[in-house]
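The block underneath contains the structure these notes are about, expressed in structure tokens.
Side chains are part of it too, since the values below use all heavy atoms of this structure and drop only hydrogens, waters and symmetry mates.
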Amino acid sequence: MEKSRFIIDLFNDYNSFKNKELFGRHICLSDIEILLHDLGEEFTLKEIGASVLGKPIYSIQFGSGPIKVMAWSQMHGNEATTTKAVFDLLKYIGMYKDKGFVREILHNCSLCILPMLNPDGAEAYTRVNANKIDLNRDAQNLSEPESKVLKQVFKNFKPDFCLNLHDQRTIFSAGNKPNPAVLSFLTPSMDKDRQIYPSRVKSMQLIAKIAEDLSELLPGRIGRYDDAFNINCTGDTFQSTQTPTILFEAGHFPNDYEREETRKYVFLALISVLKSISDASFENIDYRKYQEIPENEKLFNDIILREANTENGIVDIAIQYKEQLTDGKLIFVPEIEKIAYKIEKFAHKEVHCEKKKVAINNKSKLTENVIVNKIVLNGVELALKCG
């Protein structure tokens, strides 16, 4: 598709500007601070506040244009894929600031990015902050210092567009087909009736443009979230001010539990949205194409053993990884989620047992909600490592 040729070229060249200093799922403030203080002169770094535990919260500003774009990542501390993609973006901008559409973005737009809003949660690898508050449900109460920082930046910067950057679990499919939702998007509602005002139309057009640009690379793997209104959510609150707001969700690419492939697509989506804001190309998109993006469904397990011969009978066994931080290292712990005659879900990894004997943890009588240490199929031990 000629329209997305520049995205294909970026995809092919990605490793030349990927920020290789960041890797994996557990990204902390200490991982990004050295990168923040090594940004080029075209970037302005500011310490704009502090977390509950006193860790600094930073903003990065660049560009000199009249269109203001604000973005923030790691509002949930255990969602770092978009943070990695942000630093890929910063590296790319620094490398090509004087060339092509990057120069146009910097000329037409002013950007403000908060790369890690929840540094305490990032350190502990938790969704919540140190007070165990979900910052994405604190937009009205503003009970937390991190929420107040975000709201103050929004008030002072007065963005024309907002990008709310997150990760999603491996359970999501793009629609009801066996395609994992590698990327998902949402234009939050502005009220309980989910009305479509002109400002919300813009965010719909932008998402539709991203989907168009990435369609060749991610066919059938882009999803859309349900837009039920919750004024306590940051996106809904900002959208209700008539500021076009887009929720990004980085999902699961096959065999990519470290989210190193997914970060590439997040980077491409960021480039797509910034370019289309800069050159106003999104205005040519029918906003109703947003509604054509399949809605996310929870149709995946990490592993399903099909037709396993156990003391429970011939059953399917669904296993889900639980993310656990142990001694500063993130590990994926497999746990039996469901045992049933037939599990009507898809799996990132399917094992067809063909009615052969299966023992888990040396037992053939199985129960749910048990951590899996060992699986033996017909006398042969199966690998449990994800990926």
Side-chain angles (χ1 to χ4, degrees), residues 1 3-27 31-32 35 60 69 71-74 76 78-96 99-102 105 111 113 115-116 163-170 172-174 179-185 206-207 209-224 246-277 293 296 300 330 332 348 386-387:
M1 185 184 295
K3 290 181 180 179
S4 59
R5 184 68 249 172
F6 83 102
I7 292 289
I8 304 296
D9 291 340
L10 285 176
F11 176 84
N12 292 332
D13 293 340
Y14 174 74
N15 283 333
S16 68
F17 47 78
K18 176 183 179 180
N19 195 315
K20 297 179 178 65
E21 300 299 316
L22 298 177
F23 178 87
R25 297 285 290 277
H26 187 211
I27 303 296
D31 297 313
I32 69 168
L35 301 176
I60 307 158
V69 183
W72 58 97
S73 186
Q74 265 178 289
H76 296 143
N78 59 351
E79 299 178 1
T81 306
T82 54
T83 302
K84 295 186 292 185
V86 161
F87 280 90
D88 295 339
L89 174 70
L90 296 175
K91 185 172 180 180
Y92 183 80
I93 293 288
M95 290 173 64
Y96 296 101
K99 297 183 179 179
F101 69 84
V102 175
I105 289 172
L111 297 102
I113 299 178
M116 186 177 288
L163 310 178
N164 186 5
L165 309 178
H166 289 264
D167 273 56
Q168 65 184 13
R169 291 174 290 166
T170 61
F172 288 104
S173 60
N179 296 320
V182 179
L183 293 180
S184 297
F185 300 95
L206 286 166
I207 292 171
K209 185 66 169 69
I210 296 170
E212 178 185 273
D213 282 345
L214 272 66
S215 61
E216 188 172 337
L217 294 172
L218 287 176
R221 293 182 176 183
I222 297 175
R224 170 176 58 89
I246 297 174
L247 176 73
F248 281 58
E249 293 279 358
H252 183 72
F253 190 90
N255 301 316
D256 180 36
Y257 283 86
E258 297 291 352
R259 300 273 168 99
E260 289 298 301
E261 283 296 314
T262 298
R263 74 185 279 185
K264 181 189 306 184
Y265 298 103
V266 177
F267 163 79
L268 295 172
L270 288 170
I271 287 288
S272 170
V273 76
L274 293 179
K275 183 177 183 297
S276 59
I277 287 172
I293 299 171
N296 279 356
F300 268 93
L330 181 65
F332 297 88
H348 298 300
C386 61

Given the rule in the side chain to side chain contact (heavy atoms under 4.5 Å, CB included) test, do Y265 and R221 qualify, once you have shown the distances and angles that lead to the verdict? CA-CA 11 Å; Y265 298 103; R221 293 182 176 183; over 6 Å; no
Taking only Lys NZ, Arg NE, NH1 and NH2, and the carboxylate oxygens of Asp or Glu, determine whether D213 and K209 approach each other closer than 4.0 Å. yes
Hey, is NZ on K20 packed in by over 12 heavy atoms from elsewhere, all under 6.0 Å? yes
Not counting sequence neighbours, which residues clear ring pair (Phe, Tyr, Trp, His ring centres under 6.0 Å) with F23? List them please. none
Spacing of CG belonging to L165 relative to CD1 belonging to I246, to within rounding of 0.5 Å: 10.0 Å
Give, for atom CG of L218 and atom CZ of F11, the distance between the pair rounded to the nearest 0.5 Å. 8.0 Å
Rounded to the nearest 0.5 Å, what separation is found between the CZ atom of R169 and the CD atom of E249? 10.0 Å
Expected output: side-chain Q168 to main-chain A181 donor-acceptor under 3.5 Å: yes
Are the side chain of R259 and the backbone N or O of G251 linked by a donor-acceptor pair below 3.5 Å? yes
Please find the pair of heavy atoms, one from F185 and one from I207, that lie closest to each other, and give the distance. CB-CG2, 3.6 Å
Quick check: are there more than 12 heavy atoms from other residues, nucleotides or ligands sitting under 6.0 Å from CD of E261? yes
Which heavy atom in L22 sits nearest to a heavy atom in R263, and how many Å separate them? O-NH1, 2.8 Å
Could you check I271 against I105 for side chain to side chain contact (heavy atoms under 4.5 Å, CB included), going step by step and ending with a plain yes or no? CA-CA 10 Å; I271 287 288; I105 289 172; 5.5 Å; no
Between R25 and N78 (side chain of the first, backbone of the second, donor and acceptor by atom type, cut-off under 3.5 Å), is there such a pair? no
Identify the heavy atoms of N179 and G220 that sit nearest to each other, and give their distance. CB-O, 3.1 Å
Just by modelled atom types, is the S16 backbone N or O under 3.5 Å from a matching donor or acceptor in the K91 side chain? no
How close do H252 and P254 get, heavy atom to heavy atom, and via which atoms? NE2-CA, 4.0 Å
For F300, which residues count as a ring pair (Phe, Tyr, Trp, His ring centres under 6.0 Å) partner, sequence neighbours excluded? F346, H348
Could you list the residues that satisfy ring pair (Phe, Tyr, Trp, His ring centres under 6.0 Å) with F17, not counting sequence neighbours? Y14, Y92, F267
Quick check: do W72 and I113 have side-chain heavy atoms less than 4.5 Å from each other? no
Just by distance, do the side chain of D88 and the backbone of N19 share a donor-acceptor pair under 3.5 Å? yes
Are the side chain of T83 and the backbone of P115 linked by a donor-acceptor contact shorter than 3.5 Å? yes
If every non-hydrogen atom of I293 is compared with every non-hydrogen atom of A211, which pair is closest and at what distance? CD1-CB, 3.9 Å
One should read off an interatomic distance between L10 CG and R5 CZ, to the nearest 0.5 angstrom, of 10.5 Å
To the nearest 0.5 angstrom, please state how far the OG1 atom of T262 sits from the CG atom of D256. 4.5 Å
Of all heavy-atom pairs between A250 and L183, which one has the smallest distance, and what is that distance? CA-CD2, 4.4 Å
Okay, side chain of D167, backbone of T81: is any donor-acceptor separation there less than 3.5 Å? yes
